[in-house]
Amino acid sequence: MALRDLMEGECGRPNALSRLTSHFVHDHTHRDDGLRRGVPHTEGLAGGDSDQWAQQFIGENAPQTFRMDSLLQEMREIESSGSLHAPVQAPGVAALAASDPTSLAAEDMAWAEQYLESGKQFDEEPCEAEVWNMPNLEVGESANNSEVFELGFGPQWAEEYLQSSQRNIDVDENWSQTFDDLNQGSELQETANHLLNTVQDPNINASKFMKFMKQIGEGKITIEDGEVIGVPDGEETEDIILSETENDLVSTAGVKVTEMKDIDSSISSDEEKQSSDDTAEYSKKLWSKLQNEWEKIFKSGEETTQPWVTEFSDYYDPFKDYPFEENNPMKEHSNALEEGKKRLEEGDLASAVLCFEAAVTNDFENSEAWELLGISQAENEQDPAAISALKNCLKLDPGNLRALMALAVSYTNESYQNQACLVLKEWLRQNKDYCHLVPDESSTSKSGVASSFLTFDTHKEVQDLYIAAARLHPRGNIDADVQCGLGVLFNLSNEYDKAVDCFKTALQVKPNDPRMWNRLGATLANGDRSVEAVEAYDHALQLAPGYIRARYNLGITCLNLGAHKEAAEHLLTALNQQAQARGVEEAPKSWSAMSDGIWSTLRLVVSLLDRRDLHDAVDSRNLVELNRAILEAN
Amino acid sequence: MPTFLTPNRHGYSVRFSPYQPERIVCATSQYFGLAGGGTLFLLEITPEGNLVEISTFQWTDGLFDVVWSETDANIVVSASGDGVLQLWNVSCPQLPPQTFREHKKEVYSVDWSQTRQEQFVLSASWDCSVKLWDPNRPNSLATFLGHSQLVYSAMWSPHVPSCFASVSGDGTLRIWNSHVPQRATMTLRAHDAEVLCCDWCKYDQNILATGGSDGLIRGWDLRSFSSPIFEQKGCEYAVRRVKFSPHHFSALASVSYDFTTRIWDFKVSSEAIETVKHHSEFVYGLDFNNHVPGQIADCGWDSLIHVFSPRSLSALRPHLTLAPK
């Protein structure tokens, strides 16, 4: 029941309506707050426990939006508490804020924040503060304590007013506003009125929901025990009895208010002033003390988070460390690099990868080994590993054009499109033929966020550079790499037909480059020209039968064409080729040499083939079983 | 445009069936969800283009969210204000639902696993917790604590099994591994306001969007969450629900307290490519039809449920191929 807790007197719990209110009361001033920036909030690496999180929470939330719900909850607490607390309570709060922050419940912290924010408002609400100074007085249900104290009269005064105020019992707009200002009446009405006052938009005010709120605010409707009472005809309701007592109370309280406002200030001003001075003074002190505490905490928080921030951005590079294969049979090989090159020629990609891994393990500074490793891993359908290897290569040899181009392609595949663009730009810059085209700028500052989201501007800029580069070479002297780069760029912006033209042009110059054929095939497939894509892949595989990536792509394209059986065969062949590198047929699950991508696609194909019996085989990567079922069952 | 009126009931959530493209279920509450009971409407789009009611299901408290089962075309799970989840079999409307009672406060969101490997239900509640349920068992499997304020929504990732995101009034977006309930895998400050909704991109496993009570929709890439990768501005009030299109990589839809339903394409612009204002009260529910590209349903507190196909979505090219490299 949305409002049951309100009725059942559980203090300090926001209710559904104040929840809604909080969606509207949104303080925009925080936008100008410079304190917020530069403090990313994450537990990803820190493995934060609740203490640490609480620290960060306080540190960050000091300049928080105005928390309506906690304000309402505070007011409710103040009203509903029969015995009013002595001022001694306040220092306790400051002490809490200064001491162990983790002991604070979220609500307490919110309350403390609210003090910080509402410091000025705090001064303007003398009635709240006065409550602490005045002695206890037994008053009736309606919470008009503040007014009574202010005038220094006892409850008799209330009764006198009741008797003398036979006029002005009508409930009109004015009344409900002043009513709201002094926080009288039930909490539900108070919340409803607050929402009404906050929402200024005439469109929203005209809605039925707002009319409902108005009725609640005016006391015409009330909600008790989950039932709505007092609703006019047209709405489903069980109880049409008006809540008499509540209405009376509401109207008399309202009357007192109106009367009070008419009273000349001469009667009350002196006492008022004196008491409000004291409390104002007190509250100022309290507030400034709290603010100091908060600033201290925040500053220290900021300092401790600063180094963490930089550490974080440095550390969290997903491709920093190359994921080496643990049991590398090639590790002991005397000249792994040469062996790797040989295997590459033979078309045995997976073994070549292992050779190159061994080569770099023995010699970390060998940029050629890193480059070959990266390129081979990419062809082996292992882009994350490829990226890592290529980055290492570029660290040692920043001008390596082959590595840069391969890195751009791998980034594209992994959806780091922003990075891909930047690497392509770097390729131009490093290329002595075209470096004059690239404007000189501090490239590192704009290294940008590693993400899929490619800003239009970056892409356009790099694209223009490549087009300019292509124009430098007239028809007869095409630079296949520039065309390839341009093709990748068009892929990034989904202009597939243009990309196809670029790759076809590149192929005119280099007709026997299986990688180029594969890229052409991929572009065609992405552009929904699947039949032509198959032809391109066939070319690639004729030139390099061990080209895992091309075979995988062929599998996907067959899948798109609906040729599920062929797709399964191709995928399985690719997986077999990857497995052969070890000469072992049974594959342990943790093999990194075999691509997860191929496995998950195979699973999809198996489902489409309606071979649910093979699901387990796929999940456990049982190649023997799958070969038997798919390849040998013809 | 097919429309349905639910008199005296205010729509909170609407969902298309994953099995039958013409079926919709809508969770509604009486008295705007503040009091009274709730009703679940099962509707169907007729070939003539009308929305007709097939059956209704009543509950003693307001219903705030509903989701279809991914394994059975007749099962729906709804979430209500008394902290209870109800599992209904819509083919037997006379039977009472199976109930799951554990949350101490309103359950504001419910979601069914979007990956095939597991079939679990996730519920997010105003008691600041998220719970994991097996629909065949009456007790929850895990409770995820960590949010300091009430949790508005928890959504399964459609790509990574056991991964889900939750958003809360404390302004954070948390990513969880359902096997590790002790703490969230990742927390990030999504908005300087309450975060009311979140949804995952259907084409990229790293991207998700959040909508806040500041009227902004922010997109996040999990690999670099220090700042959002896109920010869509335009809603004048809180964004109540945000959903990614199942047919286009960068298309999103949102519904808001400013009575509008907006379509966005984050690769094109940070402003809405289409704004539809066909409700006269807060719009609360939103869903894309997985079977009919470009079709959307939305429902609001004006008791209306609309099913329509925004022009801007049909202009976008559907992104149906897997991406070869």
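In the text below, chain A, chain B and the rest are named by the order of the sequence lines, each starting its count at 1.
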Practice prompt. Using a 4.5 Å cut-off on heavy atoms from C-beta on, say whether the side chain of F209(A) contacts that of L34(B).
Written response: yes
Discussion item. Using heavy-atom distances under 4.5 Å, tell me whether Y152(B) contacts chain A through its side chain, its backbone, both, or neither.
Written reply: side chain
Worksheet entry | Rounded distance [0.5 Å steps], CE in M213(A) versus CZ in F32(B) | 7.0 Å
Worksheet entry | Region of K104(B) that comes under 4.5 Å of a non-hydrogen atom in chain A | neither
Worksheet, complete the sentence: Bottom line for I175(B): the part with an atom under 4.5 Å from chain A's heavy atoms is neither
Worksheet item: Which value, rounded to the nearest 0.5 Å, describes the distance between K208(A) atom NZ and H10(B) atom NE2?
Response: 7.5 Å
Worksheet, complete the sentence: Cut-off 4.5 Å, heavy atoms of chain A, and the answer for Y257(B) is both
Worksheet item: Under 6.0 Å from the CD atom of E271(B), do we count more than 12 heavy atoms belonging to anything else shown?
Response: no
Worksheet item: In Å and rounded to the nearest 0.5 Å, what is the OG to NE2 distance from S600(A) to H159(B)?
Response: 12.0 Å
Worksheet item: To the nearest 0.5 Å, what is the distance between CD (Q117(B)) and NE2 (H615(A))?
Response: 10.0 Å
Discussion item. Is Q182(B) close to chain A through its backbone or its side chain, or both, or neither, when contacts mean heavy atoms under 4.5 Å?
Written reply: neither
